[in-house]
Amino acid sequence: MDNALMDNSEESRLKGQAQIWEHMFAFVDSMALRCAIELGIPDIINSHGRPVTMPEIIGSLKTTSSSPVNANYLTRIMRLLVHKHLFTSLFHRESNDTVNGLTRSSKWLLKDSKFNLSPMFLLLLHPLMLEPWQYLGNCLEESGLAFVKANGREIWDLALANPQFNQLFNDGMGCTAKMIVSKILVEYKDGFNGIGSLVDVGGGTGGMIAEIVESNPHIQGINFDLPHVLANAPERPGVTHVRGDMFINIPEADAVITKWIMHDWSDENCIEILRNCYKAISKTRNGKVIIVDCVLVPDRNDLFDKTRLVFDLLMMVIPGGKERTEAEWKMLLKSAGFCRYNVIKIPTIPSIIEAFPK
């Protein structure tokens, strides 16, 4: 038995109480950081090239209101974010000023940075994405999809009907694509050798396939997604946008790649998608499917394991999908006709799963 469970000392009980309080108010940390992102505070600090004072931050804010910014409120918000190591704080006695700077974490929130997680953060904390969590317990008792219970329709239908949300969703997916593809291009660079054509299934506006093609000019890139997703997709060198439905048909190519697509769907849906992937590469001698998705190892504790478990609940609440263990991936691939596979771990949240039909 865990020694912590057997420890009934006052110190142990207090630690237990503190942990519950921390979880109770974890949402406040997220909302405070959302506020800072919306105000552009990381970018304001970065634009000065040094830590800045509160008056300097306030003087640089671009607000929609004619009323002055409440300096007291902002100071208190920043105090919490400093405590969470999202910003630094240093008091200069000579000038009697406190200055705030960036940390390794808040540098991931800069709009001008290639690797900027702000769009994903703002997507996940949007009211339409937060409300479904209120239905988590209800779904355990009555089944059904929390997102539908909260918003009256599935997320894909909402994106189709709401251009503003669709843009928010595409921006969120696009920023994660940049982050992940940078790791793929380093860790999997030899995996693109010998591929003449590559279809990115569910590729959004084409960010990932464009970067793959730029680094591998021998590849003809095909970005495949639903019509409304591609409605505002920019032209990208070496990439052709193709509208369609992965549940009906996927364009033929030497290889297929999917990033964070399978985790959106049930096992039955995934098998259907994978069978269409199989058909798409069936005429190619050395065809393969490259799946970029999480591989859960629940009893491990590496840098991103907790995030992967949280993603599993996110998939359950929003699209109705799931993250999977290697054994679960093996079952899906076998059911879709793939006789062998290979898992390649990369230093980010998902892994690469190569699936081969022969």
Side-chain angles (χ1 to χ4, degrees), residues 25-92 94-131 151 155 158-159 161-179 182 204-207 210 229 231-234:
F25 289 116
F27 75 96
V28 177
D29 300 338
S30 299
M31 299 310 291
L33 183 55
R34 171 186 163 181
C35 178
I37 293 172
E38 290 177 332
L39 291 172
I41 290 175
D43 297 294
I44 289 172
I45 296 173
N46 189 58
S47 69
H48 283 76
R50 56 171 173 77
V52 296
T53 64
M54 187 57 64
E56 287 177 313
I57 292 176
I58 292 174
S60 300
L61 289 176
K62 297 177 181 179
T63 61
T64 57
S65 172
S66 58
S67 303
V69 173
N70 190 314
N72 176 262
Y73 283 6
L74 186 55
T75 299
R76 289 154 67 184
I77 290 171
M78 289 299 291
R79 182 170 60 189
L80 173 64
L81 296 177
V82 166
H83 182 76
K84 300 300 293 186
H85 306 294
L86 293 163
F87 296 95
T88 63
S89 177
L90 182 64
F91 180 72
H92 291 298
E94 295 81 3
S95 60
N96 198 36
D97 270 334
T98 297
V99 293
N100 291 119
L102 299 173
T103 66
R104 64 184 182 186
S105 299
S106 47
K107 287 178 181 178
W108 282 87
L109 303 173
L110 300 174
K111 291 179 181 177
D112 293 336
S113 172
K114 181 179 179 180
F115 305 119
N116 168 27
L117 286 174
S118 290
M120 188 62 163
F121 197 98
L122 295 177
L123 169 64
L124 293 178
L125 270 76
H126 189 279
L128 290 171
M129 298 289 277
L130 289 175
E131 181 64 20
N151 296 306
I155 188 170
L158 180 61
N162 186 330
Q164 184 178 7
F165 180 77
N166 184 53
Q167 184 63 52
L168 187 71
F169 184 86
N170 287 340
D171 289 346
M173 296 301 101
C175 81
T176 61
K178 290 179 182 179
M179 178 187 69
S182 68
T205 58
V229 175
N232 297 312

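For the single chain, residues carry numbers from 1 onward in sequence order.
Taking all atoms of both residues into account, the shortest heavy-atom contact from Asp43 to Asp112 is OD1-N, 4.3 Å. Closest heavy-atom contact between His48 and Ile44: ND1-O, 2.9 Å. Taking each heavy atom of Val82 and Ser89 in turn, the nearest pair found is CG1-CB, 3.6 Å. A pairwise comparison of heavy atoms in Thr103 and His85 identifies OG1-O, 3.1 Å as the closest pair. Heavy atoms only, all atoms of each residue included: Leu81 and Ala36 are closest at CD1-CB, 3.8 Å. A pairwise comparison of heavy atoms in Cys35 and Ile77 identifies SG-CD1, 4.0 Å as the closest pair.
With rounding to the nearest 0.5 Å, the separation of CZ in Phe115 from CG in Leu109 is 14.5 Å. Atom CG in Leu168 sits 9.0 Å away from atom CE in Met173 (nearest 0.5 Å). Between the OG1 atom of Thr88 and the CE atom of Met78 there is a distance of 8.5 Å, given to the nearest 0.5 Å. Rounded to the nearest 0.5 Å, atoms NZ (Lys111) and OG (Ser118) are 7.5 Å apart. The distance from atom CE of Met120 to atom CZ of Phe169, rounded to the nearest 0.5 Å, is 8.0 Å. Separation of atoms CG (Leu39) and OG (Ser60) is listed at 12.0 Å; rounding is to 0.5 Å.
Atom CG of Asn70 is surrounded by more than 12 heavy atoms from other residues, nucleotides or ligands within 6.0 Å. For Arg50, the CZ atom counts as densely surrounded, since its 6.0 Å shell holds more than 12 non-hydrogen atoms of other residues, nucleotides or ligands. Counting heavy-atom neighbours within 6.0 Å of His83 NE2, excluding the residue itself, gives a total of 12 or less.
Counting only heavy atoms from C-beta outward, the side chains of Cys175 and Asn116 never approach each other to under 4.5 Å. Met179 is not listed as a side-chain neighbour of Lys114, based on a closest heavy-atom distance of 4.5 Å or more. Counting heavy atoms from C-beta on, the side chains of Asn170 and Val229 come closer than 4.5 Å. Looking only at side-chain heavy atoms (C-beta outward), Phe87 and Ile41 come within less than 4.5 Å of each other. Side-chain contact check for Asn100 versus Pro51: every heavy-atom pair is 4.5 Å or farther apart. With contacts defined as side-chain heavy-atom distances shorter than 4.5 Å, the pair Ile155/Met129 qualifies.
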Phe165 vs Leu123, side chain to side chain contact (heavy atoms under 4.5 Å, CB included): CA-CA, chis, key distance, verdict: CA-CA 9 Å; Phe165 180 77; Leu123 169 64; 4.1 Å; yes

Full working for side chain to side chain contact (heavy atoms under 4.5 Å, CB included) between Val52 and Val99: CA-CA 5 Å; Val52 296; Val99 293; 5.9 Å; no

Pair Leu102-Leu110, side chain to side chain contact (heavy atoms under 4.5 Å, CB included): steps then yes or no: CA-CA 10 Å; Leu102 299 173; Leu110 300 174; 4.2 Å; yes

Trace of the side chain to side chain contact (heavy atoms under 4.5 Å, CB included) decision for Phe91 with Asn96: CA-CA 7 Å; Phe91 180 72; Asn96 198 36; 3.1 Å; yes

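Of the residues listed (Thr98, Leu74, Val69), the one engaging Met54 in a side chain to side chain contact (heavy atoms under 4.5 Å, CB included) is Leu74, and it is the only one.
The backbone N or O of Ala71 sits less than 3.5 Å from a side-chain atom of Thr75, completing a donor-acceptor pair.
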